[in-house]
Amino acid sequence: MRRVAPRVRFAPSPTGYLHVGGARTALFNWLYARRHGGTFVLRIEDTDVERSSADMVTGILEGLRWLGLDWNEGPEVGGPHAPYFQSERLDRYRTAASQLLTAGHAYYCYCSADRLREEREKAEARGEAWRYDRACLSLSAEKVSELEAAGAPRAIRFKVRTGSTGFDDQVKGRIEFDTAHIEDFVILRSDLYPTYHLSVVVDDIDMAITDVIRGDDHISNTPKHVLLFEAFGATTPRFAHVPLILGADKKRLSKRHGATSVTEYRRQGYLAEAMVNFLALLGWSPGDDRELMSMNELVESFSLDGISGGNAVFNTEKLDWMNGQYIARLPVDQLAKAVEPFLGEAGLWPPLVSGIDQAWLHRLLDLLRPRAKRLTDFVDLARPFLVDTVEFDPEAIEKHLSTSGLAGHIAALKGTLDTAIPFDEPHVETAVRGSAAERGIKPGVLIHAVRVAVTGRTTSPGLFEVLALLGKARTIARLDRLLLFLATRS
RNA sequence: GCCGGUAUCGUCUAGGGGUUAGGACACAUGGUUCUCAACCAUGGAACCGGGGUUCGAAUCCCCGUACCGGUACCA
């Protein structure tokens with residue numbers, strides 16, 4: 001019974017590429033917004049100047065667009081709450097910080113980084129936790145002016161109230177914290193840049209965010225945020241913390257696990273639709289047995305209730321299967337469009353041999369697609385069809401080209417093949433089987449040898465389809481080459 | 001250490017006081033067949049442990065364990 005349309009946001013930090021975990025968080029936000037007719041805001045949290053970069057922003061936007069996760073407000077599209085880069089909202093955070101200062105919710109801290117670090121180390125040596133000791137909370141006026149005169153750098157800390165705080169998480173349920181465990185955290189650094197806690201809360205207030213859907217790793221930050229919302233006199237949004245995505249070793253996903261950025265998956269030949277479908281099912285379920293779901297189905301079925309509690313291991317085998325399913329179902333013209341760049345990169349497209357056009361490519365792709373898990377698989381699969389001459393695989397030579405009398409059989413087959421009119425699958429099959437019968441050999445002998453002749457390999461799509469697609473001229477040419485090979489070998 | 005979270009086949013998950021604990025990937029076997037896939041069928045495979053509550057617990061509660069996250073003038 002929602003009264004207002006929800007406003008959700010995805011707020012990546014451009015200190016790295018868009019990894020699959022972030023992509024899934026974005027997807028959940030996007031689905032939630034779509035499901036409830038809400039607004040999906042994209043906000044760039046680039047307050048860490050040291051580690052943020054414009055290239056990363058570009059990469060993140062690209063990744064989101066590839067996945068089809070468009071944003072209603074944010075970079076490049078603007079919106080009523082612009083700007084959507086935190087680095088352009090610095091004044092706002094400074095104002096907010098001084099607002100808390102005057103309201104008595106915050107205070108200046110002159111403690112040096114060295115002192116803080118030392119205290120922390122000492123405590124750790126004792127096996128204790130150290131929380132900021134509020135040394136600067138009750139500084140005398142004299143001391144303050146002394147420090148100011150000395151030009152001591154000052155940060156602003158939030159004064160954490162006593163008691164407890166909590167929130168009703170949409171995924172985890174009620175979560176309660178004793179504020180005794182929360183230190184007076186810095187909200188404005190001495191360089192006047194806000195920390196994450198300040199900027200995120202200020203922006204969520206300013207941008208009227210109603211639902212914060214983010215990673216599990218933010219749970220322990222949330223009480224700080226709740227405290228801030230409280231201090232600003234703002235309504236806290238609903239929170240939903242989604243479990244993390246882990247590698248096969250159940251550790252947080254990192255480069256060690258291979259590909260982690262969505263761009264990398266695109267490069268490896270995964271379809272965006274498959275990626276989205278797979279990601280959606282990592283940590284979420286529609287509640288029934290559906291697996292293959294379109295964007296529209298996902299939108300219609302999405303609910304925070306379906307998010308599971310535990311972390312999920314990223315299972316590449318299942319992604320591969322799913323990608324294969326999408327490859328199998330993709331309309332052939334779209335498939336061609338998706339495959340061409342990969343063929344092009346391998347120097348196979350546009351093709352160097354004549355007689356190859358779009359229609360022919362479509363037939364080829366239809367032949368190959370049940371054998372492909374990724375778009376990159378098409379390169380290897382399609383190669384024999386797009387080149388002039390094929391290399392004979394050593395294993396194939398040994399397995400299928402050592403039959404005695406093979407040259408004679410092949411020569412005879414050439415003649416029979418001439419009678420295949422038209423040169424289509426059924427006629428080719430009749431010709432090959434007929435030829436085998438005439439020579440008194442099993443069809444398999446001929447089939448396997450011809451397969452090697454035309455593809456160079458032991459495996460390929462059904463031979464008769466292959467020959468029909470290749471056409472009579474190319475087939476005969478390859479048989480001649482086989483004959484030549486056989487002759488020079490003996 | 002402290003704070004918080006999570007726990008169903010190897011993996012993703014459904015379910016949830018009484019079920020033969022369901023599906024998917026992967027795996028195995030069989031079918032199809034000219035090979036390889038795809039496809040179809042079949043099979044093996046799970047409720048972390050211990051206490052409670054209850055006629056009955058995988059399900060609710062507590063404890064433990066394991067794992068994950070946080071513990072910054074990073075986000």
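Throughout, a chain's letter reflects where its sequence line sits, starting with A, and its residues are numbered from 1. Everything numeric in this text was worked out from a predicted model, so none of it was measured.
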Electrostatic pair [X]-[Y], nearest N-O below 4.0 angstrom:
X	Y	result
A:R92	A:D203	no
A:R94	A:D91	yes
A:D204	A:R43	yes
A:D217	A:R252	yes

Centres of the [X] and [Y] rings: under 6.0 Å?
X	Y	value
A:H19	A:F314	no
A:F342	A:F378	no
A:W71	A:F10	no
A:Y93	A:Y193	no

Any strand: nucleotide that pairs with [N] via Watson-Crick or wobble, under 3.5 Å:
N	result
B:rU19	none
B:rC74	none
B:rU35	none
B:rU53	none
B:rC67	B:rG5
B:rA41	B:rU29

Ignoring hydrogens and angles, are the base of B:rC73 and the side chain of A:S190 linked by a donor-acceptor pair under 3.5 Å?
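When only heavy-atom distances are counted, A:S190 does reach the base of B:rC73 through a donor-acceptor pair under 3.5 Å.
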N/O donor-acceptor pair, side chain A:E176 with base B:rG4, under 3.5 angstrom
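Checked by distance alone, the answer is no.
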Parallel, tilted or perpendicular: ring planes of A:Y32 versus A:F302, cut at 30 and 60 degrees
perpendicular
Can you tell me, in whole Å, how much space there is between the [atom1] of [N] and that of [M]?
N	M	atom1	result
B:rU13	B:rA46	C1'	12 Å
B:rU71	B:rA28	C1'	47 Å
B:rU32	B:rA37	C1'	13 Å

Interatomic distance, CG@A:L367 vs CD@A:E465, rounded to 0.5 Å, equals 5.0 Å
What's the [atom1]-[atom2] distance between [X] and [N], to the nearest Å?
X	N	atom1	atom2	answer
A:I307	B:rC12	CD1	P	16 Å
A:E118	B:rA72	CD	P	16 Å
A:N311	B:rU8	CG	P	11 Å
A:D305	B:rU13	CG	C1'	16 Å
A:H241	B:rG70	NE2	P	12 Å
A:L246	B:rU13	CG	C1'	15 Å
A:I245	B:rG5	CD1	P	22 Å
A:L282	B:rC12	CG	P	8 Å

Near-strand residues of residues 152-161 of chain A, defined as heavy-atom separation under 4.0 angstrom from RNA chain B:
A:A155, A:R157
What are the residues of residues 212-224 of chain A, sorted by number, that bring a heavy atom to within less than 4.0 Å of RNA chain B?
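Within residues 212-224 of chain A, the residues near RNA chain B are A:D217, A:H218, A:I219, A:S220, A:N221.
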Look at [X] and [N] and indicate whether a side-chain polar atom (N or O) is within less than 4.0 Å of OP1 or OP2.
X	N	value
A:R189	B:rA75	yes
A:T15	B:rA75	no
A:K251	B:rC68	yes

Going by distance alone, is a donor N or O of one side chain under 3.5 Å from an acceptor N or O of the other, for [X] and [Y]?
X	Y	answer
A:E119	A:Y132	no
A:T403	A:H448	no
A:Y107	A:D184	yes

Generate the contact string for nucleotides 25-43 of chain B. Rules: B means base contact, S means sugar-phosphate contact only, - means no protein heavy atom under 4.0 Å.
S--------BBBBSS----
Measure from the side chain of [X], starting at C-beta and using heavy atoms only, and say which of [options] lies closest.
X	options	value
A:D289	B:rG22, B:rC73, B:rA75	B:rG22
A:V313	B:rC12, B:rU6, B:rA72	B:rC12
A:E291	B:rG23, B:rC12, B:rC3	B:rG23

Sort out for me which residue in A:D55, A:V262, A:T260 forms a side-chain contact (heavy atoms from CB on, under 4.5 Å) with A:Y17.
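When A:D55, A:V262, A:T260 are each tested with A:Y17, the side-chain contact (heavy atoms from CB on, under 4.5 Å) holds only for A:T260.
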By nearest nucleotide on RNA chain B, pick out whichever of A:T47 and A:G310 is the more 5' one.
A:G310
Using a cut-off of 4.0 Å on non-hydrogen atoms, how would the nucleic acid contact of A:P14 be classed: base, sugar-phosphate, or nothing?
nothing
